[in-house]
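Written out below as structure tokens is the structure these notes cover.
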Amino acid sequence: MDLDTIAVRTPGADRSALKELPALRDAPPTKREELFILKLKLCSVIFSFDDPTADKRGKDMKRQTLLELVDYVNTPAGQKIFTESVMSDLMAMVSANVCRALPPATDDFDPEEDEPVLEPAWPHLQVAYEFFLRFIVSSEVNAKAAKKYVDQKFCLQLVELFDSEDPRERDYLKTILHRIYGKFMSHRSFIRRAISNVFYRFVYETERHNGIGELLEILGSIINGFAIPLKKEHLQFLVRALIPLHKPKCVALYHQQLSYCIIQYVEKDADTATPILNGFFKCWPWSSSAKQVMFLNELEEILELLGADQLAQVSTMLFTNLARCLDSDHFQVVERALFLWNNEHLVNSGCLSRLNAQTVLPIIYRPLYKNSAGHWNATVEGLAQNVLKMYMEYDLVLYDKCAKAYYREEEEAKRKLEALESQWRAIEQSAAQNMPAIAAK
């Protein structure tokens, strides 16, 4: 594609001017804004990258022009560049390059296993993103004037682009959307709602989205800036969007970012620990040992922030679920659960301290004792013995009471099993005696 063809396809561009476009730095200061706009229009032409060999000259020319624009705005030559008169053409260029329909995801794509499909137009797309980032972060750009061009529709398109498979694009989007959130206060509520809608669709409908981790990274910074007391809107977002993000099968892809957001809430308001743990255990991945270990890591961070009032509300549920983890058939789950008692804060002043022994030990004694009495994994056996020894030193009377209760339960279970076996033997004998009579009929 030659320069003349580009000029024809560029609305509003003067064809003769495009033939002889000088470098921006070489143009007289009075002509630079006009030339800047012409180059923005030139860069609004979109090329197809389906055939890498097609339109090579035009593609190279556009990339060089985009790079020149980035260099120009990075080191301004003593005059204001981002005036309101260029914003319309600037946003038209950015939108033309960036805002597009993403290719549909293939049915068999597995984000945990498969390599992502990289964006073929990245040579142009990257520089367009870089240019727009310079615009957003520029101190020249007044939010009040720019919000007419960087509007809600554009913000929504950016949020939708987070589903891109290309991690390079998602990284730019993360930085840009975060900067927009910081600069345009009037868009903040809208951006939060747009992100919430992505989460709702992901959790309750598709369970497929490539950018959940990046969106959560943005939210981590946003939540960090929430004022106390937390608004009702922010608490609803926690319960309806963040906590349910533990449910999807692919939670491992974004769990680190999700955990950070959850911890931010508990640090802001300890009372959020109650709904968090209620929802957390509803989503607990009992069928996946790897995910249980991951969830136990997050649980430990939450427990470190738990106050006495919050613990009182969730203690039974918490320790019942911990007992189930200690009773797991997978040694790594048991081992990770036992490591909670190696946390000095939890043992000295937290939920696993001497003060809570009366609540904790009766619930966890049975799986603890089983693990301490000959578990095939030496580490698990040693950890369980250490925990039992610790509670014995805390309260020997309580320990003996729990041990006696355990033996009573075991004897009762043994009697029930023997009675059941006796009933089955009686049934078998009765069947054997009746077989000749049945055969005769």
Taking side chain as C-beta onward, heavy atoms only, is [X] less than 4.5 Å from [Y]?
| X | Y | value |
| --- | --- | --- |
| Phe131 | Met93 | yes |
| Phe319 | Leu322 | yes |
| Phe202 | Ile212 | yes |
| Ile180 | Leu158 | yes |
| Lys39 | Tyr72 | no |
| Phe339 | Glu335 | yes |

Notebook entry, point to check: side-chain contact (heavy atoms from CB on, under 4.5 Å) between Tyr181 and Ile218: does it pass, once the steps are laid out?
Noted result: CA-CA 9 Å; Tyr181 187 92; Ile218 297 172; 5.6 Å; no
Partners of [X] by salt bridge (Lys or Arg N to Asp or Glu O under 4.0 Å), sequence neighbours excluded?
| X | result |
| --- | --- |
| Asp166 | Arg168 |
| Lys370 | Asp327 |
| Lys174 | Asp171, Glu217 |
| Lys148 | Glu84 |

[X] and [Y]: which non-hydrogen atoms are nearest, and at how many Å?
| X | Y | answer |
| --- | --- | --- |
| Thr83 | Ser85 | OG1-OG, 2.9 Å |
| Leu318 | Leu299 | CD1-CD1, 4.1 Å |
| Glu381 | Ala373 | OE2-C, 4.2 Å |
| Val293 | Gln332 | CG2-O, 3.9 Å |

Next item on the list: Keeping the roles fixed (side chain from Lys183, backbone from Ile136), state whether a donor-acceptor pair exists under 3.5 Å.
Entry: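 Yes, Lys183 side chain to Ile136 backbone: donor-acceptor pair under 3.5 Å.
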Margin query: Keeping Asn224 on the side-chain end and Gly220 on the backbone end, is there a donor-acceptor pair under 3.5 Å?
Written below: no
Margin query: Determine whether Phe331 and Trp376 satisfy the following criterion, side-chain contact (heavy atoms from CB on, under 4.5 Å), listing intermediate values before the conclusion.
Written below: CA-CA 9 Å; Phe331 81 97; Trp376 66 268; 3.7 Å; yes
Next item on the list: Tell me whether the centres of the aromatic rings in Phe132 and Tyr129 are closer together than 6.0 Å.
Entry: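 Not under 6.0 Å, so no.
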Check: Hey, do the aromatic rings of Phe295 and His255 have their centres closer than 6.0 Å?
Finding: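 Yes, close enough.
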Salt-bridge present ([X], [Y]; N to O < 4.0 Å):
| X | Y | result |
| --- | --- | --- |
| Arg25 | Asp71 | yes |
| Glu207 | Lys249 | no |
| Glu214 | Arg170 | yes |

Say whether [X] and [Y], considering side chains only, have a donor N or O and an acceptor N or O under 3.5 Å apart.
| X | Y | value |
| --- | --- | --- |
| Tyr391 | Arg354 | no |
| Asn97 | Lys62 | yes |
| Tyr260 | Gln264 | yes |
| Arg134 | Ser138 | no |
| Tyr172 | Glu130 | yes |

Measure the [atom1]-[atom2] distance between [X] and [Y] for me, rounded to the nearest 0.5 Å.
| X | Y | atom1 | atom2 | result |
| --- | --- | --- | --- | --- |
| Leu216 | Ile222 | CG | CD1 | 10.5 Å |
| Cys43 | Leu69 | SG | CG | 5.0 Å |
| Glu301 | Leu296 | CD | CG | 12.0 Å |
| Glu33 | Lys80 | CD | NZ | 10.0 Å |
| Ile364 | Leu352 | CD1 | CG | 7.5 Å |
| Thr379 | Leu338 | OG1 | CG | 10.5 Å |

Could you pull out all residues at least two apart from [X] that satisfy side chain to side chain donor-acceptor pair (under 3.5 Å)?
| X | result |
| --- | --- |
| Asn343 | Glu300, Glu304 |
| Ser221 | none |
| Tyr254 | none |

Which residues satisfy the ring pair (Phe, Tyr, Trp, His ring centres under 6.0 Å) test with [X], sequence neighbours excluded?
| X | answer |
| --- | --- |
| Phe82 | Phe135 |
| Tyr204 | none |
| His234 | Phe226 |

Show every donor-acceptor pair shorter than 3.5 Å between a side-chain atom in residues 238-248 and any protein atom, with sequence neighbours excluded, or say none if there are none.
residue : atom : partner : partner atom : Å
His246  : ND1  : Ile243  : O            : 2.9
His246  : NE2  : Glu298  : OE1          : 3.0
His246  : NE2  : Glu298  : OE2          : 3.0

Note to self: Before you tell me yes or no, could you show the steps for Leu277 and Gln310 under side-chain contact (heavy atoms from CB on, under 4.5 Å), namely the whole-Å CA-CA distance, both residues' side-chain angles and the distance that decides it to 0.1 Å?
What the structure shows: CA-CA 10 Å; Leu277 289 176; Gln310 293 78 36; over 6 Å; no
Note to self: With side-chain hydrogen bond (donor to acceptor under 3.5 Å, both in side chains) as the rule and sequence neighbours excluded, what pairs involving residues 152-164 come up?
What the structure shows: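 Checked against side-chain hydrogen bond (donor to acceptor under 3.5 Å, both in side chains) - neighbours excluded - the pairs reaching residues 152-164 are Asp163-Asn210, Ser164-Glu169.
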Notebook entry, point to check: Between Lys59 and Phe49, is NZ or CZ placed under 6.0 angstrom from the six-membered ring centre and within 45° of the ring axis?
Noted result: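 Yes, a cation-pi geometry.
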Check: Mind checking whether Trp284 and Phe280 have parallel, tilted or perpendicular rings, split at 30° and 60°?
Finding: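 Trp284 and Phe280: perpendicular rings.
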Next item on the list: For side-chain contact (heavy atoms from CB on, under 4.5 Å), just list the numbers for Val45 and Phe47, CA-CA rounded to whole Å, side-chain angles, deciding distance to a tenth of an Å, and then say yes or no.
Entry: CA-CA 7 Å; Val45 177; Phe47 292 88; 4.3 Å; yes
